[in-house]
Number of protein chains: 2
Amino acid sequence: MGTLSQPTPLNQPRTGKGQQTKAKLLRTALDAFAEDGYQAASMRAIASRAGVSLSHAYYYFGSKEDIVLELLIALRAEQFEICSAQLDEGNTLEANIRIVFDASVQVMEKYHDFGPSFLKVLLSRDLENSELTQIEMSLWESVVAGARPLPPLAIRRDLPRFLWLLSRQIFSTWAYDSSPNQRRSRALMRNIAPVIGKFAILCRLPVVRSLFEDVLSLMDSRAGSIQERTTSTVESASEHRSSRAKAS
Amino acid sequence: MGTLSQPTPLNQPRTGKGQQTKAKLLRTALDAFAEDGYQAASMRAIASRAGVSLSHAYYYFGSKEDIVLELLIALRAEQFEICSAQLDEGNTLEANIRIVFDASVQVMEKYHDFGPSFLKVLLSRDLENSELTQIEMSLWESVVAGARPLPPLAIRRDLPRFLWLLSRQIFSTWAYDSSPNQRRSRALMRNIAPVIGKFAILCRLPVVRSLFEDVLSLMDSRAGSIQERTTSTVESASEHRSSRAKAS
DNA sequence: TCCAATTATTGAACGCGTTCAAAAAGCTCA
DNA sequence: TGAGCTTTTTGAACGCGTTCAATAATTGGA
C-alpha cells in the first residue's frame with residue numbers, strides 16, 4: 001500500500017494481438033465478477049478462465065482494483081443508458097433524483113458484495129477527471145437541467161456537484177449496508193429526494209442559500225474551491241466575522 | 001468475507017495464564033502498530049514479537065481487524081483524556097467543536113496509515129452500543145452541554161448525535177486524505193466548526209430547524225428512528241405532503 | 001534474410017490473513 | 001496417582017494479491 005496510488009501507468013497493448021488479449025481478459029473478468037462474485041472471481045480464476053497465466057493478467061491490469069474500477073464504469077454507463085432519457089420529461093427535481101437512484105439500485109444490486117471494494121476505489125484514487133466521474137456528473141447535470149420547475153437560479157450552477165457529492169455519501173452507506181436486501185440504503189434514497197427538493201426551494205431565502213454555499217464548499221475537496229468562489233461564506237463566518245458584521 | 005461479521009464470539013481466556021497471554025499479545029500489537037505501521041505490523045510479526053505462534057494469536061483475536069479496533073478504542077480514550085476537561089470551560093459551541101477535532105488530529109496523525117483499516121472497521125461492524133461509540137458520543141455530549149451560550153433548546157437533545165454522525169463523515173475524509181500532512185481534512189475540520197455554530201443559531205427559525213430534523217433522520221441509520229420521532233419531517237415531506245399542506 | 005530491439009507471456013516465488021487438526025499443558029475428581 | 005476433561009498452544013497448510021526474472025513471440029531495419 002504505502003502511498004495511495006493511481007492506476008500505475010501500465011503497459012498498454014501495442015500490437016493487435018495484445019489489444020485482443022487485454023479485451024478478452026476484461027470481458028472474462030466482468031463475466032466472472034457477475035457470475036461468481038468478488039471473492040470467487042480471484043485473479044487466478046479470471047486468468048485461467050481467459051486462458052492466460054496469472055502473471056500475464058498483471059501485465060495489462062496493475063491490480064484487481066483496476067478491474068473493479070472498469071466494472072464500476074460499466075455499471076455507471078448502464079445506469080446512464082437506463083435513465084438519461086427519463087430525465088428530460090419535465091418532472092420535478094425530486095422525481096428526477098428518484099429516477100437516478102432507482103436506476104442505480106437496479107444496476108448495482110447484483111453487485112452489492114462489491115460494495116467495499118467499489119468504495120475503496122472511489123476513496124483511494126483521484127478520479128476527478130476520470131471517465132467515471134464524467135458519467136456521474138453528467139447524470140446529475142441532467143437531473144437539474146431537466147427539472148421543472150427549474151431550481152432557483154442562485155444554486156442552479158452548483159446543485160449538480162452538490163448532488164454528486166451527496167450521492168457518494170449515499171453510496172458509502174449502500175456499500176456497507178448489511179440490512180436485508182439493502183433495506184436501509186433504499187429507504188435513504190427514497191427519503192432524501194423530497195428533502196433535497198424542499199431544500200432547493202428554501203434556497204430562495206438568503207439565509208438558507210448561504211447555508212447551502214457553506215455546506216457545498218465544506219463537502220467539496222477540490223483544492224482552492226474556496227478562493228474561486230465569489231463570496232466565501234465559510235471564511236466570512238470564521239475569520240472575517242467582524243468585517244461581515246459591519247457589512248450587514 | 002462473505003457476510004459482514006461482528007467480532008466472532010471468541011475464546012475468552014479462562015485461566016490467569018490465558019489472560020496474561022492475551023494482554024501481552026494486545027500490548028505487543030499496539031506497540032508494533034505504533035512503531036512499524038499497519039503494513040509491517042503483520043500478524044506474524046506481532047505473534048513472534050509476543051513470543052507466541054501465529055495461530056495462537058488467532059486464538060484470542062479473531063482477526064487483525066479486531067486488534068485494529070482495540071487500537072481505535074485506545075486512541076479515542078486518549079482523545080477523551082486530552083479534551084474532556086477543556087469542554088467545561090464555558091466556550092462557544094464552535095470552540096468546543098474545534099477542541100474535539102484538534103484532539104482527534106493530535107492523537108491520530110501518527111496513525112494516518114491506519115485510516116483505511118479504521119474506516120473499514122467502523123463501516124463493516126455494528127458498533128452501536130460498543131465502548132468505542134460510547135466514548136465518541138460522550139465527547140459530543142460534552143461539546144453541547146458545555147457550550148455557552150447553550151444551543152437552541154429545540155435541537156439540544158439531538159445535536160450530539162448529529163455531531164457524532166458528522167464526525168464520522170469527516171473521519172472518512174481524513175482516512176483517505178492523501179494531501180500532504182492531511183492538509184485537506186485539517187482544513188475541513190477547521191472550517192466546519194463555524195458553519196455548525198451558525199447553523200445551530202439559525203435553528204431558531206422554524207424553517208431551518210425542520211431542515212435540521214430532516215437531515216438528522218436521513219443520516220441516522222438506526223432502524224425505526226423515524227417512528228420514534230414525534231414529528232417526522234421526512235415522512236411529511238414525502239408521503240404525507242397533502243395532509244401537511246392542509247395543516248399549514 | 002538475419003539480427004536486435006520490443007512486446008507478450010510464463011512459472012516460480014513472496015508475504016499476507018486465515019483455518020484446522022492435533023499436540024501439549026492444566027485441572028478435577030476417584 | 002492417573003484418567004478424563006477442558007484450556008492453551010502449535011505446525012502446517014490454503015488461497016489470496018502481487019512481483020520478478022526468464023523465456024517466447026513478434027516486429028522493424030540493414
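Computed from a prediction, not measured in an experiment: that's the story for all the values here. Within every chain, numbering begins at 1; the chains are lettered A, B, ... in the order of the sequence lines, protein sequences first and strands thereafter.
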Give the rounded distance in Å between these two atoms: OH of A/Tyr59 and P of D/dT18.
18 Å

Sequence neighbours excluded, which residues qualify as salt bridge (Lys or Arg N to Asp or Glu O under 4.0 Å) partners of B/Arg161?
B/Glu128, B/Asp220

Using five pairs at either end of the helix from C/dT1-D/dA30 to C/dA30-D/dT1, determine the angle between the two local helix axes and round it to 10 degrees.
30°

Once ring pair (Phe, Tyr, Trp, His ring centres under 6.0 Å) is applied, do any residues pair with A/Phe114, and if so which ones, sequence neighbours excluded?
A/Phe33, A/Tyr38, A/Tyr111, A/Phe118

Footprint string (nucleotides 12-17 of chain C, 5' to 3'): B base within contact, S backbone only, - free, heavy atoms under 4.0 Å:
-B--BB

side-chain hydrogen bond (donor to acceptor under 3.5 Å, both in side chains) involving A/Glu109 - partner list, sequence neighbours excluded
A/Arg186

How many Å lie between NZ on B/Lys24 and C1' on D/dT8, as a whole number?
16 Å

Please identify each residue that fulfils ring pair (Phe, Tyr, Trp, His ring centres under 6.0 Å) with B/Phe162, with sequence neighbours left out.
B/Phe212

Can you give one letter per nucleotide of nucleotides 22-28 of chain D, going 5' to 3': B for a protein heavy atom under 4.0 Å from the base, S for sugar-phosphate only, - for none?
----S--

Set of side chain to side chain contact (heavy atoms under 4.5 Å, CB included) partners for A/Ser130, sequence neighbours left out
A/Leu127, A/Leu132, A/Thr133

Can you name the salt bridge (Lys or Arg N to Asp or Glu O under 4.0 Å) partners of B/Asp36, sequence neighbours left out?
B/Arg49

Roughly how many Å is it from OH in B/Tyr60 to P in D/dT7, rounded to a whole number?
11 Å

Whole-Å distance, B/Asp66 CG to C/dT18 C1', equals 12 Å

Would a distance-only check, ignoring hydrogens and angles, find a side-chain to backbone donor-acceptor pair under 3.5 Å from A/His112 to A/Trp174?
yes

Set of side-chain hydrogen bond (donor to acceptor under 3.5 Å, both in side chains) partners for B/Arg168, sequence neighbours left out
B/Glu136

Would you kindly compare B/Ser53 and A/His56 by the position of their nearest DNA chain D nucleotide and give the one closer to the 5′ end?
B/Ser53

Rounded distance (Å) that lies between atom C1' of D/dT8 and atom CZ of B/Phe61:
15 Å

List for me each residue that meets side-chain hydrogen bond (donor to acceptor under 3.5 Å, both in side chains) alongside A/Ser138, sequence neighbours excluded, and say none if there are none.
none

Taking side chain to side chain contact (heavy atoms under 4.5 Å, CB included) as the test, write out the residues that go with A/Ala145, two or more places apart.
none

Before we go on, tell me: are the rings of A/Phe80 and A/Trp140 under 6.0 Å apart, centre to centre?
no

